[in-house]
Amino acid sequence: MDQEIEIPCFFLCPISLDIMKDPVIVSTGITYDRDSIEKWLFTGKNNSCPVTKQAITETDLTPNHTLRRLIQSWCTLNASYGIERIATPKPLISKSEIEKLIKDSSSSYQNQVKCLKRLGQIVSENTTNKRCLEAAGVPEFLANIVSNSVDTCNDLCHSNTLESRFDSSRSLMDEALSILYHLDTSEEARKSLLNNKKGTNLVMTLTKIMQRGNYESRAYATFLLKKILEVADPMQIILLEPEVFNEVVQILNDQISHKATTSAMQILVIICPWGRNRHKAVAAGAVSMIIELLMDETFSSERRNSEMAMVVLDMLCQCAEGRAEFLNHGAAIAVVSKKILRVSQVTSERAVRVLLSIGRFCATPWLLQEMLQLGVVAKMCLVLQVDCGNKTKEKAKELLKLHARVWRESPCVPRNLYASYPA
């Protein structure tokens, strides 16, 4: 855009500071671009006007047609300067239209396909449409299609039915799953899906897709499972079946996409603290899988990935089975020790906690000698010398004190650190 063209200030959205494409008025009387204010209200979960700071009592957004026409006219007049004309926004979908669309879809497979195609278009247009779809019961509608399709595919796998019917069910499932993910449902809607009155177990449905679906559907199922479990209550998390843990670990192993791997790790962070879930995760092979990921530079080069992995590993090493699996992996101690002071304070603290759990409950002459040879003792001494958080220092000091008699005179400990080495 030519710098000599001065854009009228009231054409600019107060949030994005760009020319408004679809100006709308909120209850406080201020005009914003629809996309920006929707993200502010719905994605950012704010309920105040960004300009006036007053509470926005009505979430309905009123189109400012007069201002939009002024902006379009101004763009047309200045087209010779490279200003592109703002297109007229598409009319918003109504709840009654969506309800009719859903009702008509029940008559045939072709109508279901058409319905899902139209819903996909509506979801992609704007956030207001997404909220309208949610109000019309679309999340439940999509979840039922996904669940029924999974059941149908499962039944067809054990029969000699035509392959075309299996493909049709799989196609419906994939499309509904994609739309359900992109719908970006509210917390209330996700809770409703989790507590489905029709008896549909969405968690197990998604788990089956993670087990048998193609790469794309497995990824979407993982994303959705993470979103669903974020709003689950503790008892629902405690009652999770072992199959859930098996498939989450398998997603980590297959690394079908960066985002799917991250979501799978986030699922473990959410579910491992509750009940006997640590034992279920260990039985699913989570300990060795996490150590392997920490050895993978592609995964562990991102700070957040290393932090989550170490948080989960710390939780798993709080049970005897987890510590046993940890010690069964030949590189475990070296990998965890290496991450201390190299990634972040969170990673260092959790790594020291892991080594403290191992040193406290699994100490043998062989293990203590291995920790010495791998530089764990020297690393603990270094932790005491640098600024890495009091909690981390306390845990390092505790580990050193536990086995001071074995490690104190070791030549592996740098001479200049003897003065601060705990007695």
Side-chain angles (χ1 to χ4, degrees), residues 1-101 117-139 178-190 223 227 259:
M1 185 182 296
D2 196 315
Q3 294 183 354
E4 295 180 4
I5 298 298
E6 184 175 348
I7 303 172
C9 61
F10 55 91
F11 286 2
L12 303 177
C13 173
I15 297 175
S16 66
L17 300 181
D18 292 328
I19 296 178
M20 289 184 276
K21 297 178 180 179
D22 186 7
V24 292
I25 307 170
V26 299
S27 60
T28 59
I30 304 298
T31 296
Y32 299 92
D33 191 37
R34 181 184 293 278
D35 186 56
S36 296
I37 193 62
E38 284 180 344
K39 287 179 180 177
W40 171 268
L41 292 173
F42 302 120
T43 306
K45 297 182 179 180
N46 299 293
N47 60 1
S48 61
C49 176
V51 173
T52 66
K53 308 303 179 186
Q54 295 174 323
I56 295 178
T57 54
E58 299 281 342
T59 54
D60 290 337
L61 306 175
T62 305
N64 191 334
H65 295 300
T66 302
L67 180 56
R68 175 176 55 77
R69 292 189 187 104
L70 280 173
I71 293 173
Q72 287 176 325
S73 298
W74 181 85
C75 289
T76 301
L77 289 172
N78 291 279
S80 60
Y81 294 96
I83 306 294
E84 294 184 4
R85 187 179 185 277
I86 302 299
T88 301
K90 294 181 180 179
L92 296 175
I93 195 77
S94 68
K95 184 178 177 181
S96 59
E97 288 179 80
I98 299 168
E99 290 173 341
K100 184 178 185 305
L101 190 64
K117 185 176 180 180
R118 178 64 182 131
L119 289 176
Q121 293 171 343
I122 296 170
V123 164
S124 65
E125 287 171 1
N126 55 58
T127 305
T128 299
N129 279 354
K130 292 181 180 181
R131 301 286 77 83
C132 189
L133 290 171
E134 187 175 304
V138 169
S178 172
I179 297 170
L180 186 56
Y181 168 71
H182 289 105
L183 188 54
D184 194 21
T185 51
S186 65
E187 184 175 324
E188 292 75 19
R190 281 178 278 157
F223 305 153
K227 285 178 172 288
K259 189 174 180 181

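All residue numbers refer to positions in the sequence shown, counting from 1. Note that the coordinates shown come from a computational prediction; the quantities given were computed from them, not determined experimentally.
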Identify the heavy atoms of [X] and [Y] that sit nearest to each other, and give their distance.
| X | Y | answer |
| --- | --- | --- |
| Pro139 | Thr185 | CG-CG2, 3.7 Å |
| Ser124 | Gln121 | OG-O, 2.7 Å |
| Leu67 | Pro23 | CD2-CB, 4.0 Å |
| Ser48 | Lys53 | CB-O, 3.9 Å |
| Arg131 | Ser186 | NH2-N, 4.1 Å |

Do Glu97 and Lys100 pass the salt bridge (charged side-chain N to carboxylate O under 4.0 Å, His left out) test, and can you show the C-alpha distance, the side-chain angles, and the key distance before you say yes or no?
CA-CA 5 Å; Glu97 288 179 80; Lys100 184 178 185 305; over 6 Å; no

What residues, two or more places apart in sequence or in another chain, satisfy side chain to side chain contact (heavy atoms under 4.5 Å, CB included) together with [X]?
| X | answer |
| --- | --- |
| Glu187 | Lys45, Arg190, Lys191, Val231 |
| Leu12 | Ile7, Ile19 |
| Ser27 | Ile56, Thr57, Glu58 |

According to the salt bridge (Lys or Arg N to Asp or Glu O under 4.0 Å) rule, which pairs have a member within residues 21-33, sequence neighbours left out?
Asp22-Arg34

Verify side chain to side chain contact (heavy atoms under 4.5 Å, CB included) between Val26 and Leu61, making sure each step is shown before the conclusion.
CA-CA 5 Å; Val26 299; Leu61 306 175; 3.8 Å; yes

Distance, nearest 0.5 Å, that separates [atom1] of [X] from [atom2] of [Y]:
| X | Y | atom1 | atom2 | result |
| --- | --- | --- | --- | --- |
| Thr62 | Ile25 | OG1 | CD1 | 6.0 Å |
| Thr88 | Arg69 | OG1 | CZ | 8.5 Å |
| Ile93 | Glu125 | CD1 | CD | 7.5 Å |
| Cys13 | Ile30 | SG | CD1 | 11.0 Å |
| Leu183 | Lys227 | CG | NZ | 10.0 Å |
| Leu119 | Ile179 | CG | CD1 | 5.5 Å |

List in chain and number order the residues that pass salt bridge (charged side-chain N to carboxylate O under 4.0 Å, His left out) with Lys130, two or more places apart in sequence or in another chain; answer none if no residue qualifies.
none

Side chain to side chain contact (heavy atoms under 4.5 Å, CB included) assessment of Asn129 paired with Val123:
CA-CA 6 Å; Asn129 279 354; Val123 164; over 6 Å; no

Determine yes or no for a side-chain-to-main-chain donor-acceptor pair under 3.5 angstrom, with Asn47 supplying the side chain and Ala55 the backbone.
no

Gln54 side chain to Thr28 backbone, donor-acceptor under 3.5 Å
no

Please tell me if the side chains of Ile37 and Pro50 come closer than 4.5 Å, counting only heavy atoms from C-beta onward.
yes

Do the side chains of Leu92 and Cys132 get nearer than 4.5 Å, heavy atoms only?
no

Across all chains, not counting sequence neighbours, the side chain to side chain donor-acceptor pair (under 3.5 Å) partners of Thr66 are none

Cys75 and Tyr81: CA distance, side-chain angles, deciding distance, side chain to side chain contact (heavy atoms under 4.5 Å, CB included) verdict
CA-CA 9 Å; Cys75 289; Tyr81 294 96; over 6 Å; no

Hey, can you tell me if Phe11 and Trp74 have their rings parallel, tilted or perpendicular (30° and 60° cut-offs)?
perpendicular

